[in-house]
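The structure appears right after this line, and notes come after that.
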Amino acid sequence: MTSRYFADLDKYCESDVVIVGAGSCGLSAAWTLATSRPDLKIAIVEANVSIGGGCFLGGQLFSAMVMRKPAHIFLQDLGIEYEDEGDYVVVKHAALFITTLCAKVLALPNVKLFNATAVEDLITRRDASGEVRVAGVVTNWTLVTMHHHDQSCMDPNTINAHVVLSTTGHDGPFGAFCVKRSAEIGLLEKRTGMNGLDMNLAEDAIVKGTREILPGLVVGGMELAEVDGCNRMGPTFGAMALSGVKAAESILQVYDV
Ligand code: AHZ
């Protein structure tokens, strides 16, 4: 265990892409990116022990998952069965969706998951023109991160990357991490915060808004609501999968420049 873990840490401390947060958006992005570019080294950093984010229930403690079309194409790609309800589809268990996605992503040879590991900060660098660029993340084991107030000198680690994708969900007890940190250190002028629930507006806004918000930092999923002020959407997950696909496409654009 230890030799493999530290060999992975050594290999992935210089990654092509770091994905922060292994919820439905981050994992959808990982799947799209890692399968379309097997040559890229992709590290996923997840603060929780278990991965999947808020996706083990469809919502309100109910087990089925609703996805608006055209997200059913993503389900077809993964081989997950669904019931067709016209404008939307229903997966029997949200857990079936997320566990299938987790299993397929983790089996890919160019992906390494560092779970129980929290991103604590961003690495920034100035390029030749003086422009600040996000160039990786500062990490620590989550239990360490939770104890900075009562333990001293537990230094963090770093993962350097060409592109960071942040998908840490909306603001809450934790979440929206990279957007909040970018605002704190003055890289973003302001952080708007998520607007009230409007299912009709929210899904389009998240998918269309998925982009590189700062040089080197792409944001997807509900974290984007903290930049654009778009609405929360409630328990419909199609936009998370499609935002992941769009994030992967945005990363390829950044990466190929
Ligand atoms: O543990 C978090 C979760 O698994 C992880 N995370 C948060 N902060 C982190 C940090 N370092 C590492 N500092 C961190 N990991 O990020 C993951 C976010 O997953 P999520 O499921 O919360 O976000 P998502 O954007 O993929 O999906 C959002 C699902 C929602 S919320 C919502 C609403 O409120 O209306 N509707 C939907 C569909």
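As the structure lists them, so they are numbered: ligands from 1, and atoms in each ligand from 1. Predicted model, so just to flag it, every value in this text is computed and none were measured.
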Item to check | Over 12 foreign heavy atoms within 6.0 Å of NZ, K69 | outcome: yes
Checklist entry - Roughly how far, to the nearest 0.5 Å, is the CD1 atom of I98 from the CG atom of L57? => result 12.0 Å
Item to check | More than 12 heavy atoms from other groups under 6.0 Å of CE on M154 | outcome: yes
Item to check | Carboxylate-amine/guanidinium proximity below 4.0 Å for E249 and K246 | outcome: no
Checklist entry - Would K208 and D228 pass as an ion pair if we require N to O under 4.0 Å? => result no
Please tabulate protein-ligand N/O pairs under 3.5 Å for ligand 1, atom names and distances to 0.1 Å.
from	atom 1	to	atom 2	distance (Å)
ligand 1	1 (O)	E46	OE2	2.6
ligand 1	4 (O)	E46	OE1	2.7
ligand 1	4 (O)	E46	OE2	3.1
ligand 1	11 (N)	V119	N	2.9
ligand 1	13 (N)	V119	O	3.1
ligand 1	15 (N)	A47	N	3.1
ligand 1	21 (O)	G54	N	2.9
ligand 1	25 (O)	M222	N	2.9
ligand 1	26 (O)	S24	N	3.4
ligand 1	26 (O)	C25	N	3.1
ligand 1	34 (O)	H170	NE2	3.0
ligand 1	34 (O)	R232	NE	3.1
ligand 1	34 (O)	R232	NH2	2.8
ligand 1	35 (O)	R232	NE	3.3
ligand 1	35 (O)	M233	N	3.1
ligand 1	35 (O)	G234	N	2.7
ligand 1	36 (N)	G234	O	3.0

Next on the checklist: Are there over 12 heavy-atom neighbours, none belonging to D87, within less than 6.0 Å of that residue's CG?
Outcome noted: no
